2 protein chains.
Amino acid sequence: MTNIREIARLAGVSTATVSRVINDHPYVNEEKRQKVLEIIRRLDYVPNSSATSLKKGMTRIVGVVSGAYTTSSTPFIQAFNIIAQQHGFHVMLFLTDNDCGKELVALEMLRSKQLDALVCLHRANEWPIIESYTKYGPIVTWQRLVNDLIPSVFMDQYQGYMLGLEHLHARGYRRIMNVYSSKGLNTPQRMRAYDDFSKKYWLDDSGFADLHGKVSITDGERIARSWVEQTDKPDAIACSNDDVAAGLLTELKRAGVSVPGEVAILGFDNNNLARLLDLTTVHYPSDKQAENAFAILLDRLGQEAPALHTLEFELIERSST
Amino acid sequence: MTNIREIARLAGVSTATVSRVINDHPYVNEEKRQKVLEIIRRLDYVPNSSATSLKKGMTRIVGVVSGAYTTSSTPFIQAFNIIAQQHGFHVMLFLTDNDCGKELVALEMLRSKQLDALVCLHRANEWPIIESYTKYGPIVTWQRLVNDLIPSVFMDQYQGYMLGLEHLHARGYRRIMNVYSSKGLNTPQRMRAYDDFSKKYWLDDSGFADLHGKVSITDGERIARSWVEQTDKPDAIACSNDDVAAGLLTELKRAGVSVPGEVAILGFDNNNLARLLDLTTVHYPSDKQAENAFAILLDRLGQEAPALHTLEFELIERSST
DNA sequence: CCCTTTTTTTAAAGCGGTTTCAGAAAAGCT
DNA sequence: AGCTTTTCTGAAACCGCTTTAAAAAAAGGG
């Protein structure tokens, strides 16, 4: 096996010098550095990561626990991956299917120091159980949780929805239909926003069915079909997310309905689809959220961490309203 | 930090004995074993996995490289996860988006011994590059590849499709429409099967459009709508997968079409949806395929490996034909 | 030229486990 | 009791790397 001693021997230096070269430490003669690098190249040498991890006390792997690979977790995970990579970390993804056992696998790996830190998007075990693992390494979540042990990058969607509704109102829409997802924990906030909004402007929303469990493109298409047949039509539809809005928009256009002429459509998330279809939507900064999550972990690991972003919803005005 | 030496000291034994207890080695006095276990419990001790990996020369982590989390890769990955867990291995999933760089991350982790082995479902880099990494650890693929370096658990879908077509023929269907996915590498085999099948029974398939790029439930629904409007209707439709078949079936039923009375539907894969909707389909044994992949890796790692399954397609006759 | 200061280098001590090897204790057999 | 075999134990080497501490070499200052 080719190890650091072998490299040192062939380069005629000590292992310490080789280690210095590998880790870009100062105070090593340029000539020797080149010699070492050449030997490393010639022998196709890479440091054994277990040894490095053992000595350094960290693996530079952080786990991401997610119930499933969903529309909402995907962009977060991707952004998290990128920022982690930039800081020389690897990400180990745990798709738990919301199974306690599978989740514990991740937690136990934190305990045995195979993981430096953990991001808990979803969770199956009770919070106290998860909290008890924070003594082995930092854990961060994106769910609402006020707790010293587990910091959160939670964003209250209330503001976001309100931002969207206010926009529709400003544009003159008064018969706004609201589409809920009911999946996930954000629906209550959304309902509250719609309620407060309706009260504020003395709007009567009783005439508009609030559909539940709508999360996909197909759901949007269905809503479009029922809109066409409806007699007392809303003049704007605020969707649970961009996928629903996209399905709605394309199916309406297919039926020859003018958007926003006959009905305005508002999305949520600002994903690729929304950009593509030029949907007005509320930007949910899941990339910055992911970067914050990573920064918090980095900080708790005692490493130099980038400053936190302030997480803010942003209205992206496009042609669908 | 609580390490094995600490445990040894408190239990009044040597570290060797503690290690023996942890690893279930024979020849350790029952009384001492109990004492050691008690101390371990009291101090909430877990062996440091980096140290174990370093000494044992393996991490017991195997990587799975997948372009994306798709309909076809999902069941394989799940089955692979289960079998790996049963053998005390962890799985690290790499969603590469078919990006060479992201794929190299996995390969490099194999090189630096952070991974013991690799499963390459999809790939972005050229095969020779991937092959060059086999000197660092076993790599297996599910794609067709005749090569000593990278064993494959590939299944030629030709047989599977033929099995399905023969079934339709046996049931008396003669005007069979074939739906291709065109995504992935299996479409050519499928086309060949359909060709050979048509020739064998002197069937004229020229009248039936062979749709391409159909992979989702929505695609199935679209096919249903066009079937309804078609004048020269096929009496059976062989779908690229169960999702397409499911969309087709539900949309046809919605339109009041009798299945299999007016038209028969054949799926492919035998996934949950097919079971649920009672679709006749061809079982694709991706679970056994995954177990074989794992067994091959285990064997190449010099570990005791379970016997290989013979991979066979199986016709699952249900009520849609 | 001598004394500091800075740069360069290495020997050696770990990091936290596993395993070999040799010896001690216990058990089994004449 | 004497001898072989089996069970049990721990000292010590080792896995491959990083880092400290101390020494050597070079550079700077007067």
Side-chain angles (χ1 to χ4, degrees), chain A residues 1-37 39-40 43-61 88 109 111-116 136-137 302-303, chain B residues 1-37 39-40 43-61 88 109 111-116 136-137 302-303:
Chain A
M1 184 46 56
T2 155
N3 56 20
I4 203 174
R5 252 172 290 271
E6 176 95 351
I7 303 294
R9 195 174 56 74
L10 291 177
V13 298
S14 74
T15 63
T17 299
V18 177
S19 177
R20 283 234 174 66
V21 171
I22 292 170
N23 294 288
D24 269 329
H25 279 305
Y27 295 151
V28 39
N29 179 284
E30 187 53 29
E31 207 172 323
K32 296 201 173 182
R33 150 174 274 113
Q34 288 308 327
K35 178 72 181 166
V36 168
L37 286 176
I39 304 287
I40 286 179
L43 296 205
D44 189 33
Y45 166 80
V46 197
N48 177 309
S49 66
S50 298
T52 311
S53 298
L54 172 59
K55 186 63 210 192
K56 293 210 169 150
M58 58 185 322
T59 56
R60 297 191 86 77
I61 302 181
M109 285 177 81
R111 182 151 99 103
S112 66
K113 303 214 168 305
Q114 207 151 7
L115 260 33
D116 290 342
Y136 308 118
Q303 312 248 311
Chain B
M1 184 48 56
T2 154
N3 57 18
I4 203 174
R5 257 167 277 271
E6 175 96 352
I7 303 294
R9 193 173 58 73
L10 291 177
V13 298
S14 74
T15 62
T17 300
V18 177
S19 177
R20 287 220 180 75
V21 171
I22 292 170
N23 294 289
D24 270 329
H25 280 303
Y27 297 152
V28 39
N29 178 283
E30 187 54 26
E31 208 172 322
K32 296 200 175 184
R33 151 174 271 113
Q34 288 308 325
K35 179 71 180 166
V36 167
L37 286 175
I39 304 286
I40 285 179
L43 295 206
D44 189 33
Y45 167 80
V46 197
N48 177 309
S49 66
S50 298
T52 310
S53 298
L54 172 59
K55 186 63 211 189
K56 293 207 167 151
M58 60 185 321
T59 56
R60 297 190 87 77
I61 302 180
M109 285 177 80
R111 182 151 99 103
S112 67
K113 301 212 167 312
Q114 207 152 8
L115 261 32
D116 291 342
Y136 308 118
Q303 311 248 311

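Quantities reported herein were computed from a predicted structural model and do not represent experimental measurements. Every chain is numbered from 1, with letters handed out A, B, ... down the list of sequences.
Comparing B/Thr15 and A/Ile4 along DNA chain D, the residue whose closest nucleotide (by nearest heavy atom) sits nearer the 5' end is B/Thr15. With the nearest nucleotide of DNA chain D identified for both B/Ser14 and B/Arg5, B/Ser14 has the one nearer the 5' end.
Taken from CG in A/Leu43 to CD1 in A/Ile40, the straight-line distance is 9.0 Å, to the nearest 0.5 Å.
Side-chain contact check for A/Thr17 versus A/Lys35: every heavy-atom pair is 4.5 Å or farther apart. The side-chain heavy atoms of B/Asn48 and B/Asn3, taken from C-beta on, include no pair separated by under 4.5 Å.
The terminal axes of the helix from C/dC1-D/dG30 to C/dT30-D/dA1, fitted over 5 pairs per end, subtend an angle of 40° to the nearest 10°.
Not counting sequence neighbours, the partners of A/Ser49 by the side-chain contact (heavy atoms from CB on, under 4.5 Å) test are B/Ser112, B/Gln114.
Residues of residues 43-56 of chain B that place a heavy atom closer than 4.0 Å to DNA chain D, in numerical order, are B/Leu54, B/Lys55. Residues from residues 19-33 of chain A lying near DNA chain C, meaning a heavy-atom separation below 4.0 Å, are A/Arg20, A/Tyr27, A/Val28, A/Asn29, A/Lys32 in numerical order.
The outermost nucleotides of DNA chain D lying under 4.0 Å from heavy atoms of chain B, listed 5' to 3', are D/dT7 to D/dG16.
Evaluation of the salt bridge (charged side-chain N to carboxylate O under 4.0 Å, His left out) test over residues 5-23 of chain A, restricted to residues two or more places apart or in two chains, returns A/Glu6-A/Arg9.
Across all strands shown, B/Val18 has no heavy atoms under 4.0 Å from either base or sugar-phosphate atoms.
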